[in-house]
S.K.: 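Before I ask anything, here is the structure I am working with.
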Amino acid sequence: MTLQRMDNVGIVVDDLEAAVAFFTELGMEPEGEARIEGTWADRTVGLDGVRSTIAMMRTPDGHGRLELTKFHTPAAIPAGPLDPPPNTLGLHRVMFAVDDIDGTIARLRRHGAELLGEVARYENAYRLCNLRGPSGIIVALAERIG
């Protein structure tokens with residue numbers, strides 16, 4: 001058996017519309033939304049009475065995808081602190097390559113993004129930063145330099 005590809009990363013959000021707007025502003029393209037419910041959904045996620053809405057987002061190159069999920073029932077529960085620090089166990093962040101890190105930060109701030117730390121330079125290769133986006137999601141940005 002051979003792994004074919006990573007299909008998507010799923011992120012549970014409390015405000016689906018805000019998350020879609022944030023990732024659209026970042027440059028991802030919405031693929032569509034769907035209501036998810038029924039016995040198959042309950043079995044897949046291991047919960048009873050699942051009703052959710054998902055929005056699929058695709059990177060411009062078509063290779064990366066995010067599945068943003070808003071649970072209607074059962075309600076989503078926080079995993080820990082509302083805004084966990086970057087060293088919290090579990091899924092750490094999602095990183096995107098951008099061509100203008102300063103412009104991207106400015107656009108995402110209009111959607112509530114907050115810079116964690118500052119934009120830092122890694123050798124003569126990258127400018128990097130971490131932002132906190134909707135639902136506390138940490139998004140990292142990398143701009144190649146040199």
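We use all heavy atoms of the structure for the numbers below, so side chains are in, but hydrogens, waters and symmetry mates are not.
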S.K.: For residues Gly27 and Pro60, report the shortest heavy-atom separation together with the two atoms involved.
M.R.: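 Where Gly27 meets Pro60 most closely, the heavy atoms are O-CG, 3.3 Å.
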S.K.: Is the backbone N or O of Ala140 less than 3.5 Å from a side-chain atom of Arg93, with the two atoms forming a donor-acceptor pair by type?
M.R.: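 Between the backbone of Ala140 and the side chain of Arg93 there is no qualifying donor-acceptor contact (under 3.5 Å).
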S.K.: So, does Thr59 use its side chain to make a donor-acceptor pair with the main chain of Gly64 at under 3.5 Å?
M.R.: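 Confirmed, Thr59 side chain pairs with Gly64 backbone.
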S.K.: Given the rule in the side chain to side chain contact (heavy atoms under 4.5 Å, CB included) test, do Ile138 and Leu131 qualify, once you have shown the distances and angles that lead to the verdict?
M.R.: CA-CA 6 Å; Ile138 296 177; Leu131 302 165; over 6 Å; no
S.K.: What distance separates Cys129 SG from Met95 CE, expressed to the nearest 0.5 Å?
M.R.: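 Here the interatomic distance stands at 8.5 Å.
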S.K.: Testing the basics here: between Val9 and Met6, what is the closest heavy-atom pair and its distance to 0.1 Å?
M.R.: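 Answer, listing the atom of Val9 first, then Met6: CG2-CE, 3.7 Å.
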S.K.: Taking side chain to side chain donor-acceptor pair (under 3.5 Å) as the cut-off, I'd like each qualifying pair that reaches into residues 39-49, sequence neighbours left out, listed once.
M.R.: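 Applying side chain to side chain donor-acceptor pair (under 3.5 Å) to every pair that reaches into residues 39-49, excluding sequence neighbours, yields nothing.
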S.K.: From Tyr122 OH over to Ile145 CD1, what is the distance, rounded to the nearest 0.5 angstrom?
M.R.: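 One finds 11.5 Å between OH of Tyr122 and CD1 of Ile145.
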S.K.: Once salt bridge (charged side-chain N to carboxylate O under 4.0 Å, His left out) is applied, do any residues pair with Glu31, and if so which ones, sequence neighbours excluded?
M.R.: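 For Glu31, the residues satisfying salt bridge (charged side-chain N to carboxylate O under 4.0 Å, His left out) (neighbours in sequence not counted) are Arg58, Arg65.
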S.K.: Could you walk me through whether Thr53 and Ile36 satisfy the side chain to side chain contact (heavy atoms under 4.5 Å, CB included) test, starting with their C-alpha distance in whole Å, then the side-chain angles of each, then the deciding distance to 0.1 Å, before giving a yes or no?
M.R.: CA-CA 6 Å; Thr53 305; Ile36 305 297; over 6 Å; no
S.K.: Of all heavy-atom pairs between Leu16 and Thr69, which one has the smallest distance, and what is that distance?
M.R.: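 Looking at all heavy atoms of both residues, the shortest contact is CD1-N, 4.5 Å.
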S.K.: Taking everything shown except Asp99 itself, do over 12 heavy atoms lie less than 6.0 Å from its CG?
M.R.: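 No, because the 6.0 Å sphere around CG of Asp99 holds 12 heavy atoms or fewer from other groups.
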S.K.: Determine which pairs satisfy side chain to side chain donor-acceptor pair (under 3.5 Å) with at least one residue from residues 130-146, sequence neighbours left out, and list them in order.
M.R.: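 Of all non-adjacent pairs touching residues 130-146, those that pass side chain to side chain donor-acceptor pair (under 3.5 Å) are Asp14-Ser135, Tyr126-Arg144, Arg127-Glu143.
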S.K.: For the pair Val139 and Phe23, evaluate side chain to side chain contact (heavy atoms under 4.5 Å, CB included) and give the outcome as yes or no after the intermediate values.
M.R.: CA-CA 10 Å; Val139 174; Phe23 286 104; 4.1 Å; yes
S.K.: Could you tell me the separation between the CZ atom of Arg110 and the CZ atom of Phe22, rounded to the nearest 0.5 Å?
M.R.: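 Going from CZ on Arg110 over to CZ on Phe22, the span is 12.0 Å.
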S.K.: Indicate yes or no for a side-chain donor-acceptor contact from Thr73 to the backbone of Gly49 under 3.5 Å, with no hydrogens or angles considered.
M.R.: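 Answer holds: yes.
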S.K.: With a 6.0 Å cut-off (strictly less than), is the heavy-atom count around CD of Glu17, excluding the residue itself, greater than 12?
M.R.: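 Counting other residues, nucleotides and ligands, CD of Glu17 stays at 12 neighbours or fewer.
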S.K.: Mind checking the CG-CD1 spacing from Leu66 to Ile137? Nearest 0.5 Å is all I need.
M.R.: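 Leu66 atom CG to Ile137 atom CD1 measures 8.0 Å (nearest 0.5 Å).
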S.K.: Do you see a donor-acceptor pair shorter than 3.5 Å between the side chains of His72 and Ser52?
M.R.: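 Checked: His72/Ser52 side chains show no N/O donor-acceptor pair below 3.5 Å.
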S.K.: Applying side chain to side chain contact (heavy atoms under 4.5 Å, CB included) to Glu67 and Ile54, what does each step give before you reach the verdict?
M.R.: CA-CA 6 Å; Glu67 178 183 297; Ile54 64 167; 4.0 Å; yes
S.K.: At what distance, to the nearest 0.5 angstrom, does NZ of Lys70 lie from CZ of Arg51?
M.R.: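 CZ of Arg51 is found 10.5 Å from NZ of Lys70.
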S.K.: Over all heavy atoms of both residues, which pair between Met57 and Met28 is shortest? Give the atoms and the distance, please.
M.R.: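 That would be O-CE, 3.6 Å.
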S.K.: Quick one: does any side-chain atom of Arg5 pair with a main-chain N or O of Asp7 as donor and acceptor, under 3.5 Å?
M.R.: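 Side chain of Arg5 to backbone of Asp7, a donor-acceptor pair under 3.5 Å: no, none is there.
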S.K.: Return the minimal non-hydrogen interatomic distance between Pro134 and Ala19, and the atom names on each side.
M.R.: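 That would be CG-CA, 3.8 Å.
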S.K.: Which heavy-atom pair separates Arg107 from His111 by the least distance, and what is that distance?
M.R.: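 Looking at all heavy atoms of both residues, the closest pair is O-CD2, 3.5 Å.
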